[in-house]
Participant: 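Let me give you the structure first, and then I'll get to my questions.
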Amino acid sequence: MTVRTRFAPSPTGHVHIGNMRAAIFNWLFARHHGGRFLLRVEDTDRERSTPEACRTLLEAMAWLGMEPDEPPMYQSSRRQAHRAVAERLVAMGHAHREDKGSTGRGECIVFSMPREDIVFDDVVKGRLVKAAADLQDFVIVRSDGTPVFHLANVLDDIEMGVTHIIRGDDHVENTFRHIALFRALGAQVPRYAHLPMIVNAQGKPYSKRDGDAYVGQFRDRGILPDALFNYLALLGWSPGDGREVMTREEMVERFTLERVQSSPAQFDLTKLLWMNGEHMRRLPVEQRLAGHMADLERHGLRPSKGELRRVLDVMQDRIKVFSDTAGQTRYFFDEDYPFDEAAVRKRLRKPGVPERMAELGRRWAAAPAFDAATLERILKETAAEDGRPPADLIHATRVAVSGTSAGPGLFAMLEVLGRERVTARIERALRRWVGGGG
RNA sequence: GACCCCAUCGUCCAGCGGUCAGGACACCAGGUUUUCAUCCUGGAAACACGGGUUCGAUUCCCGUUGGGGUCGCCA
């Protein structure tokens, strides 16, 4: 029997990380067993299931690299089939028509639960039992003729040949009903694995109001799909060998449902960011360049590839997410960069510094070569002349040419900036922040 | 309320009767970087509680407490 898993979300316009993780586990499990990963769009709620919402869903999955192995099934297209089976259930005596609760809305079709305990072995939660006394009949077709979730869900799983149902544990109660349905239909009951939920930073279940819980928001923030995938996979699962940063292949190879946690996991943005940094530094250069470039372009900066490459070279791994690129490197590409006033006060206006700074600027302007080693030598000589610590001039220069007190190694940075810009910036900064030029 | 699920450092995981309870993120200290980030070293930090079972419980059982889920002609 080849494994067939499915991800069956109802498209609501935004894809929640809890759902995405369910998709990830389904994908991982199918891949690990050489099976197939399927998608079923449960779009029977016409109000929310707009074409727009479906597109968002498909995009999110493509972004995370989880294309289904077969064309997606759209549940809305299966109405007739669902209804036909409901009729069959009535004919077989497993269901009956009734004006449930005497609502006056007309007759709906109600499935009759068996009068015996229902037991199943959940791959992550273990043996789950529901006593016959706690089982209740439920509606499978509404009085307006539309099939209800439980019926549609089970029938489509049969149709798709799903062998393993991996979903959120908010479905465990439904499972008893679904099992009864599978049996009434004479179908093979699939294996179930119920995933614990993901809770927010407050330890509470995510609600619609929780901000950063949608896949699109992570993408917009510059998080790498591989990092989000990796992080989410580790929420409730671990390979057991201590590995954390992994490629898809490594995860596929190690994934087992048996190692899935049965307790809820709290989402930790800080660790995701760390994970992102880890994946970023493992990225092929070309992809890294493209990611940084995209952020620069978003901010109206268009350096050449060569320029960007030189800048990234001195920046090293200081940039943790692509979306931070422009903010941290603007001064390399634009004369209009912001100044950190606290840094100006502390470094540039330090007594005695502006005068030496001006002198240093003149010496650099006339330096025989504008490379890091030469610049450093000149700075040290200039500092030594009046017994000042080199650090004073180093810090002051950094603030003058970059506007900030944090950044890459000063001399390498100056070399990238070049003689003209460095000279002009030092003069300009002194004029603007110290006044007079002296 | 009924039924069900869950419980190891702040967080995510490891542990599947005998461990100095391990790792990662975060945090703190020191070193490297004359800045910041990286990197290196060190540190603080947990078995919710009470009963059993056992020679021995973080681990098995029961209860308590605390979280959570489900109780729709939503999905």
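Below, chains carry the letters A, B, ... as their sequence lines are ordered, and counting in each starts from 1. Just so it is clear, the structure is predicted and the values come from calculations on it, not from any experiment.
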Participant: Whole angstrom is fine here: how far is it from CD1 in A/Ile140 over to P in B/rA75?
Facilitator: 13 Å
Participant: Would you indicate what A/Ser262 reaches in the nucleic acid, counting non-hydrogen atoms under 4.0 angstrom: base, sugar-phosphate, or nothing?
Facilitator: sugar-phosphate
Participant: How about A/Phe149 and A/His178: are their ring centroids closer than 6.0 Å?
Facilitator: yes
Participant: On RNA chain B, does the nearest nucleotide to A/Ile394 precede the nearest nucleotide to A/Gln75 from the 5' side, or the other way round? Give the residue.
Facilitator: A/Ile394
Participant: Any side-chain N or O of A/Lys271 under 4.0 Å from OP1/OP2 of B/rA24?
Facilitator: no
Participant: Please give the distance between the P atoms of B/rG22 and B/rC16 as a whole number of Å.
Facilitator: 14 Å
Participant: Between A/Arg349 and A/Trp433 (side chain of the first, backbone of the second, donor and acceptor by atom type, cut-off under 3.5 Å), is there such a pair?
Facilitator: yes
Participant: Could you give the distance separating B/rA57 and B/rG52 at their C1' atoms, to the nearest angstrom?
Facilitator: 12 Å
Participant: Which is true for A/Gly145 with a 4.0 Å heavy-atom rule: it touches a base, it touches only sugar-phosphate, or it touches nothing?
Facilitator: nothing
Participant: What is the ring orientation for A/Phe339 with A/Tyr337, classed by angle as parallel under 30°, tilted 30 to 60°, or perpendicular over 60°?
Facilitator: tilted
Participant: Using a heavy-atom cut-off of under 4.0 Å over every strand shown, decide if A/Met197 touches base, sugar-phosphate, or nothing.
Facilitator: sugar-phosphate
Participant: Consider side-chain contact (heavy atoms from CB on, under 4.5 Å). Of A/Thr163, A/Asp121, A/Ile165, A/Ile166, which one does A/Arg191 pass it with?
Facilitator: A/Asp121
Participant: Choose from B/rU34, B/rA24, B/rU38 the nucleotide whose nearest atom is closest to any side-chain atom of A/Asp317.
Facilitator: B/rU38
Participant: Counting the atoms with a prime plus P, OP1 and OP2 as sugar-phosphate, which does A/Ile319 contact under 4.0 Å by heavy atoms, base, sugar-phosphate, or nothing?
Facilitator: nothing
Participant: Taking NZ, NE, NH1 and NH2 as the nitrogens, is one of them in A/Arg31 or A/Glu253 under 4.0 Å from a carboxylate oxygen of the other?
Facilitator: no
Participant: Roughly how many Å apart are B/rU65 and B/rA48, using the C1' atom of each and rounding to a whole number?
Facilitator: 8 Å
Participant: Just say parallel, tilted or perpendicular for the rings of A/Phe411 and A/Trp364, cut-offs at 30° and 60°.
Facilitator: perpendicular
Participant: Taking the side chain of A/Ser143 as its heavy atoms from C-beta onward, which of B/rA75, B/rC6, B/rC73 lies nearest to it?
Facilitator: B/rC73
Participant: Would you kindly give the CG-to-C1' distance between A/Leu269 and B/rG10, to the nearest whole Å?
Facilitator: 16 Å
Participant: Should the pair A/Glu52-A/Arg55 be classified as a salt bridge under the 4.0 Å nitrogen-to-oxygen rule?
Facilitator: yes
Participant: NA contact type, A/Lys346, heavy-atom cut-off 4.0 Å: base, sugar-phosphate, or nothing?
Facilitator: nothing
Participant: Check whether any side-chain nitrogen or oxygen of A/Arg388 sits under 4.0 Å from OP1 or OP2 of B/rU34, and answer yes or no.
Facilitator: no
Participant: If you go through the side-chain atoms of A/Thr270, does one of them form a donor-acceptor pair with the base of B/rC25 closer than 3.5 Å?
Facilitator: no
Participant: Does the structure show a Watson-Crick or G-U wobble partner for B/rC39, both distances under 3.5 Å? Name it, or say none.
Facilitator: B/rG31
Participant: How is A/Arg281 classified with respect to the nucleic acid when contacts are heavy atoms under 4.0 Å: base, sugar-phosphate, or nothing?
Facilitator: sugar-phosphate
Participant: Are A/Arg248 and A/Trp27 in a cation-pi setup, meaning NZ or CZ lies under 6.0 angstrom from the ring centre and within 45 degrees of the ring axis?
Facilitator: yes
Participant: Going by the angle between their ring planes, with limits at 30° and 60°, are A/Phe255 and A/Phe25 parallel, tilted or perpendicular?
Facilitator: perpendicular
Participant: Using Watson-Crick or G-U wobble geometry with both distances under 3.5 Å, which nucleotide pairs with B/rA14?
Facilitator: none
Participant: Which value, in whole Å, describes the distance between the P atoms of nucleotides B/rC47 and B/rU64?
Facilitator: 23 Å
Participant: Can you tell me how the ring of A/Phe138 sits relative to the ring of A/Phe111, calling it parallel under 30°, perpendicular over 60° and tilted otherwise?
Facilitator: tilted
Participant: Over all strands shown, is A/Pro408 touching base, sugar-phosphate only, or nothing at heavy-atom distances under 4.0 angstrom?
Facilitator: base
Participant: Shortest non-hydrogen contact from A/Met280 to A/Ile319?
Facilitator: CE-O, 3.2 Å
Participant: At under 4.0 Å between heavy atoms, what does A/Glu244 touch on the DNA or RNA strands: base, sugar-phosphate, or nothing?
Facilitator: base
Participant: Of the nucleotides B/rC73, B/rG67, B/rC36, which has the atom closest to the A/Asp99 side chain?
Facilitator: B/rC73
Participant: Mind checking the P distance from B/rU8 to B/rC49? Whole angstroms is fine.
Facilitator: 11 Å
Participant: Enumerate the residues from residues 328-345 of chain A whose closest heavy atom to RNA chain B is under 4.0 Å, giving them by residue number; use none for an empty result.
Facilitator: none
Participant: In whole angstrom, give me the gap between the C1' atoms of B/rA75 and B/rG15.
Facilitator: 38 Å
Participant: Check the distance between B/rC73's P and A/Gln136's CD and give it to me in whole angstrom.
Facilitator: 10 Å
Participant: Under a 3.5 Å cut-off for both distances, is B/rG1 Watson-Crick or wobble paired, and to whom?
Facilitator: B/rC71
Participant: So, A/Ser402 and A/Arg398: side-chain donor and acceptor under 3.5 Å apart, yes or no?
Facilitator: no
Participant: What nucleotide among B/rG69, B/rC12, B/rU34 has an atom nearest to a side-chain atom of A/Gln266?
Facilitator: B/rC12
Participant: Rounding to an integer number of Å, can you tell me how far A/Phe149 CZ sits from B/rC74 P?
Facilitator: 13 Å
Participant: Please pick, from B/rC12, B/rA7, B/rU35, the nucleotide with the shortest atom-to-atom distance to any side-chain atom of A/Arg318.
Facilitator: B/rU35
Participant: Is A/Arg356 reaching over with its side chain to a backbone N or O of A/Ala383, donor-acceptor style, under 3.5 angstrom?
Facilitator: no
Participant: Could you say whether A/Pro9 or A/Met315 is positioned toward the 5' end of RNA chain B, judged by the nucleotide with the nearest heavy atom to each?
Facilitator: A/Met315
Participant: Please give the distance between the C1' atoms of B/rG51 and B/rA46 as a whole number of Å.
Facilitator: 23 Å
Participant: Under 3.5 Å for both donor-acceptor distances, Watson-Crick or wobble: does B/rA48 have a partner, and if so which one?
Facilitator: B/rU64
Participant: Nearest to the side chain of A/Pro205 - B/rG69, B/rA75, B/rC13?
Facilitator: B/rG69
Participant: Which nucleotide sits closest to the side chain of A/His395: B/rU38, B/rA24, B/rU35?
Facilitator: B/rU35
Participant: Decide whether A/Thr247 and A/Arg282 meet the rule of one side-chain donor and one side-chain acceptor closer than 3.5 Å.
Facilitator: no
Participant: Give, ordered by number, those residues of residues 246-261 of chain A having at least one heavy-atom distance below 4.0 Å to an atom of RNA chain B; if nothing qualifies, reply none.
Facilitator: A/Arg259, A/Gln261
Participant: Whole angstroms only, please: what is the CZ-P distance between A/Phe138 and B/rC3?
Facilitator: 21 Å
Participant: Whole-Å distance between B/rC3 P and A/Leu128 CG?
Facilitator: 15 Å
Participant: If you look at every strand shown and take non-hydrogen atoms under 4.0 Å, does A/Asp144 touch a base, only sugar-phosphate, or nothing?
Facilitator: nothing
Participant: Checking all strands, does A/His150 fall into the base, sugar-phosphate, or nothing category for heavy-atom contacts under 4.0 angstrom?
Facilitator: base
Participant: Provide the distance between the two P atoms, one in B/rA24 and one in B/rG66, to the nearest whole Å.
Facilitator: 36 Å
Participant: When all nucleic acid strands are considered with a 4.0 Å heavy-atom cut-off, which category describes A/Gly407: base, sugar-phosphate, or nothing?
Facilitator: base
Participant: For the side chain of A/Asp268, counting heavy atoms from C-beta on, which of B/rA75, B/rU11, B/rA37 is nearest?
Facilitator: B/rU11
Participant: Looking at B/rC12, B/rU34, B/rA75, which one has an atom nearest to any side-chain atom of A/Pro390?
Facilitator: B/rU34
Participant: If you only use heavy atoms from C-beta on, which nucleotide in B/rC73, B/rC13, B/rA75 is closest to the side chain of A/Arg105?
Facilitator: B/rC73
Participant: Looking at every strand, decide which applies to A/Gly236 at a 4.0 Å heavy-atom threshold: base, sugar-phosphate, or nothing.
Facilitator: sugar-phosphate
